[in-house]
Structure formats: structure tokens, C-alpha cells
Amino acid sequence: PVSPAVVTVTGAAGQIGYALLFRIASGQLLGPDTPVRLRMLEIPPAVKAAEGVAMELDDCAFPLLDGIDITDDATAAFDGVNVALLVGARPRTAGMERGDLLSANGGIFGPQGAAINAGAADDVRVLVVGNPANTNAFIAAAHAPDVPADRFTAMTRLDHNRALAQLRQRTGAAIDDIRRVTIWGNHSATQYPDLTQATIGGRSALGVVDDQAWVRDTFIPTVAKRGAAIIEARGASSAASAANAAVDHVHTWVHGTPEGDWTSAGVVSRGEYGVPEGLVSSFPVTASGGAFTVVPDLELDEFSRARIDASVAELVEEREAVRALGLV
Ligand code: NAX
């Protein structure tokens, strides 16, 4: 029998947690052969709600669910962890300056990074979902010097999936026929959803769409602002689609990308495409053997270059702010 993987979810009593935990426990994260030990990390006032979610998880009688631990202590939460999904974060509230937001999150992701450094399993994989996701991942990685930097990632898979969905709506293509879409940069409104390399049924996606204005004035802003549109319509931020993207991200990381395709993920830059080393930026990535690799040697046109530079400039600003605040 395979020994259970320890999967830790922070913010487990939140909306994304509620959509995510059941999918993990049912085997969709790591596959049907891997039993899961769930660890739920919450802040003290939300522990009781987390216990309620755990009761529901019990009541699903998932064959793969080996056990559930609930804690408000990061050290306990990350002890022996194989997959860490960092969902809980401090949201921006009215009147909050960016510095306040970064400080509050630095106070969460710094100690969590340190706890991962201290206790995680050797094969630990970390996905940061909580916003600002890229910079929170940067902070966590900075506090985990003994963990290889490529184990820290930030989620742009939801943006990637949103791009696929918009392209399907526009062209009628099957999702599986759409390949090589990329989200570059920050998980924010500055992100660059890029179709220049994309194909639909083997043909250039830009050729199939044949409408540059649609790409620039509709596709890109629709993908980049989809989160706000969901809030406007639903009265709450994306939750099930975010949980779905987190499952996709980890599943792809562990099981690989299909031949000839890639996905998008925020990974620690090694200087690829002029993105300063150490920043957590979204790139086109393939996965194989349990590791992501940035797709090399793509030609960037002038428009793409400018859009990537603008989003990366925002990441640089966030990094400088975090440094000035002494958070890394
Ligand atoms: P909720 O407010 O419903 O849940 C967050 C939970 O985190 C709460 O239960 C809270 O008690 C807990 N929490 C806060 N601080 C904690 C800490 N230090 N340790 C453990 N738990 C803590 O938010 P939800 O809708 O679930 O969203 C969670 C995060 O995902 C937010 O930061 C949100 O902005 C971010 N998102 C990121 C997305 C992405 O694509 N990267 C998309 C969806 C989502 O907006």
C-alpha cells in the first residue's frame, strides 16, 4: 500500500477551502492511488468552522481519506507536509494601503515559509493561492532557504483556464484542441494573457480568431478582469473555479503536461525572458518528472514584450515594498 500524502490547506474554513478540500479528499489532486492525510490550518476564531467542514468530510466516507488534523499552529500544520496549499490570506479591506496589505500578508507568509522550511517533507510542493499570490510566494520562499526555490509556486492557472474558456466561447473549439496559451507576469490586472503562440486544432489561434482588436480590447481585459466580474455578479469572489484551478495546478505539477502543450504557473524566475531572478512570475511552463520548466526560446513581439515588462515592473515594485518593510 502507498503511504498517505500529507496535504495541508491553509484558510481551510474559507470559501475556496470549502470547494477544495472535498476534491482533494476524493483523490482528484494526487490521483486514485494516493491516500491523503488532510491538515487544515486556520486562525483560532475559524477553527470551529473548520471542525464543521471536517465533519462533512468524514460524512463523505471518502475511501482515500486517511485522516484529518485541524490546527491553528503553522509548525504543526506543515510537519511532514508533501503538498502545501496556501489559501488563507489577509484580504484588502476599505482604506487599506498597499503597504498595510503587504505587511499583513508578510506576517502570514513569512512564518508559514519558515514552518515549511523547518518541517516539510523533502519532496514538498507549495502552491500559493492567497493574494497577492506572487509576492506572498516570494515572501514564503525567502523564509525557506533550505527548500529548493522551484518548490514554491503561485497560482495563475485560474487565469489560464479563464483564457481557454474565452477562446472556446469565441471560436467554438474544444478545450482539448486549444494549446499553448500563456499567462505572463503577476496574478493581477496587469497580467498578460498571450495568444501569440497558441494553436487551435494545430492552426494559429490568432489566425483562427482573425481579429486583433478582439484580442487586445476584449480577450485580454476580459481574462484579466474576470475576478472582478465574478464578484460583481455573485457578490463573492471566485471560489469553486479557484479551487478547480488549484487542483489542476498540482495535478499537472505531479503528473505532467501533455506532449506539445504547456500551462501557466507562477514560478521563481531564473532570469528567463528578462524577468529578474528570484521574482515569482507567471510563465509558460511544461511539467515532467514532477517539476515545472519554463518553456525556452519563445519569440516575443513588441506588444508582448511591453505587456510582460509592465506586469513584471509591478512585481518589482511589490518586491521593493516588501524589502522596505523588512518582510524578507
Ligand atoms: P475567505 O475569506 O473565504 O477565506 C480565507 C480563510 O483564510 C478564512 O477562513 C480565514 O480565517 C483564513 N485565514 C486568514 N489568515 C490565516 C492564517 N494566517 N492562517 C490560516 N488561515 C488563515 O477567502 P477565499 O475566498 O477562500 O480566498 C482565499 C484567498 O484566495 C484570498 O486571498 C483571495 O484573494 C485569493 N484568490 C486567489 C486567486 C488566484 O487565482 N490566485 C483566485 C481566487 C481568490 O480570489
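Start at 1 and go down the list; that is how both ligands and their atoms are numbered.
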Presence of salt bridge, Arg98 and Glu318, under 4.0 angstrom: no

Could you check whether Glu320 pairs with Arg323 (Lys NZ or Arg NE/NH1/NH2 to Asp/Glu carboxylate O, under 4.0 Å)? yes

Numbered in order shown, the ligand 1 atoms found under 4.0 Å of a heavy atom of Ser238 are 43 (C)

Nearest-option assignment for atom 4 (O) of ligand 1, heavy atoms, candidates Ala13, Ala154, Gly14, Ala133: Gly14

Examine Asp159 against ligand 1 and note whether any of their N/O atoms are separated by less than 3.5 Å. no

Could Arg37 and Asp69 be called an ion pair, given the rule that one side-chain N must be under 4.0 Å from one carboxylate O? yes

Side-chain H-bond candidate by donor/acceptor type, Ser311 with Trp184, under 3.5 Å: no

Filtering Leu86, Asn131, Val9, Val129 for the heavy atom nearest atom 45 (O) of ligand 1 leaves Asn131

Write out the residue and atom name of the closest protein heavy atom to atom 29 (C) of ligand 1, then the distance separating them to 0.1 Å. Val87 O, 3.2 Å

The protein heavy atom nearest to atom 21 (N) of ligand 1 is Gly11 N, 3.2 Å

May I ask you to check whether Ser103 and Asp100 show a side-chain donor-acceptor distance below 3.5 Å? no

Any donor-acceptor N or O pair under 3.5 Å, side chains Asn186, Gln191: no

Sidechain-backbone polar pair: Tyr192 side chain, Ala310 backbone, donor-acceptor under 3.5 Å: no

Distance alone, cut at 3.5 Å: any donor-acceptor contact between the side chains of Arg162 and Thr222? no

Counting only heavy atoms on the protein side, is anything nearer than 4.0 Å to atom 23 (O) of ligand 1? no

Protein contact of atom 30 (O) of ligand 1 - nearest heavy atom, named by residue and atom, plus distance: Ile16 CD1, 3.4 Å

Say whether Asn117 and His143, considering side chains only, have a donor N or O and an acceptor N or O under 3.5 Å apart. no

Please state which protein non-hydrogen atom is closest to atom 15 (N) of ligand 1 and give its distance, to 0.1 Å? Ile43 CG2, 3.7 Å

Less than 4.0 Å between atom 2 (O) of ligand 1 and some protein heavy atom, yes or no? no

Do me a favour and list the nearest non-hydrogen protein atom to atom 10 (C) of ligand 1 with residue, atom name and distance? Glu42 OE1, 3.5 Å

Give the residue and atom name of whichever protein heavy atom lies nearest to atom 38 (C) of ligand 1, and the separation in Å to one decimal. His187 NE2, 3.6 Å

Closest to atom 19 (N) of ligand 1 among protein heavy atoms sits Gln112 NE2, 3.6 Å

Counting only heavy atoms not in Asp122, do more than 12 fall under 6.0 Å of its CG? no

How far is atom 25 (O) of ligand 1 from its nearest protein heavy atom, and which residue and atom is that? Gln15 NE2, 2.9 Å

Heavy-atom contacts with Ala89 under 4.0 Å: which atoms of ligand 1 show up? List them by number with element. 14 (C), 32 (O)

Heavy-atom pairs closer than 4.0 Å: do any link ligand 1 to the side chain of Ile108, the backbone, both, or neither? side chain

If you count the atoms of ligand 1 from 1 in the order shown, which ones are under 4.0 Å from a heavy atom of Ser237? 25 (O)

How about Arg23 and Asn244: does a side-chain donor come under 3.5 Å of a side-chain acceptor? yes

